[in-house]
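As structure tokens, the structure follows; a few thoughts come after it.
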Amino acid sequence: MMKNKSIFLLALSVLTFLFYNCGTSTGSRYPKNEKVKTYDSLNIVSIDQNNIQLKEDFDITPFKTKIEVPERKKTNYTDKKEIWYDYGSPISDQHQKILIGTEDGFRVTVITTDNLDDANQIKSELISKTGNNEVYVDFEPPFYKVKAGDFKDNKSAEDLRFKLNQIGYKEAKVVKETINIFK
């Protein structure tokens, strides 16, 4: 029995030694806030536990360039031709026009949709592609209709409808409508 007791005490002392001396404590293994010197070729001056200090030896002044933006010439839009079909009609500018009245005439209905965003997008595309600012979005419940032009005669409206068909607006059709008269 004495022999079992001595074996038990020996095993207990070995386990106690292993438990206290072989722990995974990092506090005693790694020093805190101790600076470690490193290689100069890496441009590192020193490393703390919380930050790294680098050498700043790059000079950017030889790489700075002066950017010169040339002035844009002011263009007179009435002199430009419509590039998308080049029939020689000048681009109109609605902002310089004054509305003097309305009368019966013709417009080209380009698209009918139930989405206002789509209608506004088509309107923007038409203005940019044709240069014609006489593009309207009318709400006729429950649809939005994108209409282009203010034509007094059917022939001019048919010409625009044909041009719009050529650039991809296959649903375009001429309709009788009250048009705006500009000065």
Side-chain angles (χ1 to χ4, degrees), residues 41-45 47 50-183:
S41 64
L42 296 176
N43 292 328
I44 297 176
V45 175
I47 300 175
N50 296 327
N51 68 10
I52 297 175
Q53 294 178 353
L54 301 174
K55 274 193 226 174
E56 293 184 20
D57 62 350
F58 182 75
D59 186 17
I60 194 145
T61 52
F63 300 102
K64 289 184 179 178
T65 57
K66 185 177 178 184
I67 299 173
E68 294 182 20
V69 178
E71 284 189 36
R72 296 178 98 186
K73 293 181 182 178
K74 292 187 177 185
T75 57
N76 186 0
Y77 289 107
T78 58
D79 294 340
K80 282 190 172 184
K81 304 286 184 203
E82 292 182 276
I83 296 173
W84 64 283
Y85 58 88
D86 200 22
Y87 285 111
S89 58
I91 295 175
S92 63
D93 191 1
Q94 187 177 0
H95 299 291
Q96 295 177 353
K97 295 181 177 183
I98 298 172
L99 181 66
I100 59 173
T102 59
E103 69 178 46
D104 290 337
F106 300 92
R107 286 191 177 152
V108 179
T109 301
V110 181
I111 192 169
T112 302
T113 180
D114 60 350
N115 188 338
L116 180 60
D117 293 333
D118 291 345
N120 286 329
Q121 181 181 359
I122 296 294
K123 177 183 177 182
S124 298
E125 288 174 9
L126 284 174
I127 290 172
S128 68
K129 288 181 180 178
T130 65
N132 185 359
N133 287 335
E134 296 159 356
V135 180
Y136 309 97
V137 176
D138 292 337
F139 180 64
E140 296 175 16
F143 298 109
Y144 295 94
K145 294 184 178 183
V146 180
K147 298 176 183 176
D150 287 318
F151 301 107
K152 292 181 181 179
D153 60 350
N154 190 22
K155 172 86 171 92
S156 301
E158 280 293 332
D159 289 344
L160 179 62
R161 183 200 58 81
F162 175 76
K163 293 169 192 173
L164 291 173
N165 279 333
Q166 295 299 312
I167 61 172
Y169 298 102
K170 302 294 182 186
E171 297 176 18
K173 60 185 172 194
V174 176
V175 293
K176 274 190 157 189
E177 185 143 334
T178 302
I179 61 169
N180 297 324
I181 305 298
F182 295 101
K183 182 177 177 183

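With a 4.5 Å cut-off on side-chain heavy atoms, Tyr136 and Asn180 count as touching. In this structure, the side chains of Ile179 and Asp104 stay at 4.5 Å or more apart for every pair of heavy atoms. The shortest side-chain heavy-atom distance between Leu126 and Leu164 falls under the 4.5 Å cut-off. For the pair Lys147/Asp138, a side-chain contact is recorded, criterion being any heavy-atom separation below 4.5 Å from C-beta on.
Of all heavy-atom pairs between Val135 and Lys123, the closest is O-CE, 3.3 Å. Shown here for Phe151 and Ser156, the closest heavy-atom pair between the two residues is CD2-CB, 3.4 Å.
The structure places CD1 of Ile122 at 8.5 Å from OG1 of Thr113, a figure rounded to the nearest 0.5 Å. With values rounded to the nearest 0.5 angstrom, Glu140 atom CD is found 8.0 Å from Thr109 atom OG1. Taking NZ from Lys173 and CD from Glu158, the interatomic distance works out to 12.5 Å, rounded to the nearest 0.5 Å. The structure places CG of Asn120 at 9.0 Å from OH of Tyr144, a figure rounded to the nearest 0.5 Å.
The side-chain contact (heavy atoms from CB on, under 4.5 Å) check on Lys155 picks up Asp153, Asp159, with sequence neighbours excluded.
Counting only residues at least two apart or on different chains, the salt bridge (Lys or Arg N to Asp or Glu O under 4.0 Å) pairs with a member in residues 105-116 are Arg107-Asp150, Arg107-Glu177.
Counting heavy-atom neighbours within 6.0 Å of Gln166 CD, excluding the residue itself, gives a total above 12.
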Legend entry - Audit row: Tyr169, Val108, side chain to side chain contact (heavy atoms under 4.5 Å, CB included) steps and yes/no: CA-CA 11 Å; Tyr169 298 102; Val108 179; over 6 Å; no
Inset, instruction - Dump the intermediate steps for side chain to side chain contact (heavy atoms under 4.5 Å, CB included) on Ile127 and Asn132, then the final yes or no. - result: CA-CA 5 Å; Ile127 290 172; Asn132 185 359; over 6 Å; no
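Side chain of Lys170 to main chain of Asn165: a donor-acceptor pair is present (N/O by atom type, distance under 3.5 Å, no hydrogens or angles).
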